[in-house]
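Below: the structure, in structure tokens.
From a predicted model like this one, the values you see are computed outputs, not experimental measurements. Lettering follows sequence order; numbering is per chain, from 1.
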Amino acid sequence: MARATISPQGGHLYARDVGKVYSPYDEPVVALESCSIDIPPLQFCALVGPSGCGKTTLLNAIAGFDALTSGEIMLDGRLINSTRGHLKPGPDRVVVFQNGALFPWATVRENLVRGPIVQGRMTYREADAQSRTLLARVGLTGVESAYPGALSSGMRRRVEIVRALLCDPTVILLDEPFRGLDTVSKATTHQCLLDLWQIAPKTLVLITHDLDEALFLADRVVVMTTRPGQVKVEFPVDLPRPRLPSMLTSRVFLSLKAQLIDAVHEEAVKAFVAGERELA
Amino acid sequence: MRVRAWRLAANPSLWQGLAGIAGFFAVWALARRIGWLILPGPAEVAAALPRMVSGPAYWLSWLGSSQRVLAGFAIAAVLALALGLGMGISRKFRLTTFPVLELLRPIPPLAWLPLSILFWPTSEATMIFLTFMGAFFPIFISVLAGIDRVDPRYIEAALSLGSSRRAIFQRILLPGALPYVFTGFAVAIGITWEVVIAAEMASATNGLGYLTWNAYVNHSLPGIIIGMLSIGFAGMASSAIVIWLGRRAMPWQNRM
């Protein structure tokens with residue numbers, strides 16, 4: 001199986017001193033503060049941390065949905081978000097959403113072909129053929145004419161990952177995409193993601209609460225502090241690829257997991273205490 | 001077509017529905033029998049039925065009322081969709097126009113009757129205006145609700161895929177709002193019938209409402225009941241049409 005050509009720029013994501021302050025009512029909420037992350041091209045980077053630590057805020061900033069209040073984010077040397085930047089979300093940084101965002105009023109086929117057609121990269125027929133190939137690769141032949149409502153959530157997530165891949169993005173941003181899946185579906189979908197990533201490598205940024213998932217999938221796990229979010233510590237994952245389920249019980253994996261749990265737990269306790277203080 | 005008819009006949013829901021209606025008639029007949037009801041029972045109504053429905057006058061009443069309902073509803077739908085979508089797109093338009101509509105919305109359609117009689121040249125125009133007023137606000141509010149309630153993640157997903165703002169409007173907001181729009185249609189069609197009947201009783205020379213009122217004037221109790229039941233059937237048929245249209249427009253909502 002020939003490997004797809006790697007995108008020329010590669011997908012180097014660099015967030016420098018990023019800050020985001022929300023002021024929904026009168027109290028300003030500092031979601032992110034002096035957060036810096038450097039993700040080299042084609043790396044699979046997982047972001048973990050307690051709820052409310054700003055992971056999704058950072059992802060939204062990278063995607064271009066939310067302007068920063070300080071700092072800047074660059075993709076391959078190009079500014080994609082800053083305090084004065086003109087936000088432009090686009091298929092170069094495609095997002096796979098929590099709980100899925102397949103358009104329920106369109107069939108699977110329509111959901112998949114819309115991206116490449118709108119971006120002007122393929123004709124309808126090409127996009128249809130390409131989507132069918134990718135769907136087959138994730139074990140979903142024959143669902144093209146179904147509406148998302150007729151599929152199980154595991155199937156929907158796989159379709160959404162295929163939708164993201166069809167855009168041939170430079171970076172794929174995944175916001176807890178496997179949340180709520182049962183163990184078996186999660187394992188299958190993990191495998192799909194890894195398989196697809198092997199064929200068409202891209203920079204991947206994954207937000208998750210599942211530490212097993214983070215270690216199993218990623219090259220590097222970044223732990224964020226509780227609000228205001230910053231990078232607390234990073235763990236490079238030294239497991240060989242392709243990742244196998246048997247690695248989940250290897251000594252390397254378990255020792256990494258132990259360190260990860262310690263780091264995250266420390267922040268989680270801080271978040272809990274801070275939350276209690278806020279309510280008090 | 002024949003297979004469809006067989007399937008319909010075999011469907012238990014159909015028979016349960018018919019059983020329900022038959023039960024209603026049975027209770028009515030019984031109430032009349034035991035003297036508890038002074039209004040005519042189904043037997044008397046059935047006896048008076050042939051005379052009323054023979055001859056074109058009865059069926060022309062159906063036509064007359066339906067025409068008014070259709071005209072008022074169609075105009076209301078178009079206008080409500082236009083205004084609702086406009087407000088969904090342009091915040092400025094919404095902030096300036098919405099309060100005016102909110103001021104008018106609580107006024108019951110029939111309160112517009114005196115003004116309409118004075119203003120509109122024909123009584124037909126008056127009645128269509130009233131049905132319009134009945135249908136407009138439910139549809140308008142539903143359109144607005146539909147656009148507001150479209151999950152922002154779909155918009156973000158579309159932006160992520162590279163959609164233009166215009167494409168987002170056409171392919172995300174419109175389909176996303178459809179379920180709410182059809183709910184608005186279903187509510188509006190019921191109100192439209194209520195309004196048209198009342199308007200006809202007040203100032204028409206034909207139509208199902210006029211028929212019912214006329215029966216009262218001519219001291220024909222069965223006639224009143226026939227008129228009312230006809231209105232009921234007409235309303236039921238209209239709702240069924242709206243629901244059917246909804247199913248055609250939103251194929252993704254059909255579950256097994």
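The parts of Ala158(B) that come within reach of chain A are both its backbone and its side chain, each placing non-hydrogen atoms under 4.5 angstrom from that chain. Interface remark: Ile172(B) contributes backbone and side-chain atoms alike to the contact with chain A (heavy atom separation under 4.5 Å). Of the atoms belonging to Leu102(A), it is backbone heavy atoms, and not side-chain ones, that fall under 4.5 Å from chain B. When heavy atoms are compared at a cutoff of 4.5 Å, Gln98(A) approaches chain B solely by way of its backbone atoms N, CA, C and O.
Looking only at distances, no side-chain donor or acceptor of Arg114(A) sits under 3.5 Å from a matching main-chain atom of Arg171(B). Looking at Gln119(A), its side chain never comes within 3.5 Å of a backbone N or O of Gly162(B) through a donor-acceptor pair.
Side-chain contact check for Phe65(A) versus Ile155(B): every heavy-atom pair is 4.5 Å or farther apart. Contact of the Arg153(B) side chain with the Asn99(A) side chain is registered, since non-hydrogen atoms from C-beta on lie closer than 4.5 Å. The closest side-chain heavy-atom distance from Leu161(B) to Val118(A) is not below 4.5 Å. Between Ser160(B) and Val95(A), the closest side-chain pair of non-hydrogen atoms falls below 4.5 Å. Between Trp105(A) and Pro251(B), every side-chain heavy-atom pair lies at or beyond the 4.5 Å cut-off.
In Met228(B), the CE atom is not crowded: 12 or fewer heavy atoms of neighbouring residues, nucleotides or ligands sit closer than 6.0 Å. Within 6.0 Å of atom CZ in Phe119(B), 12 or fewer heavy atoms from other residues, nucleotides or ligands are found, so the atom counts as exposed in its surroundings.
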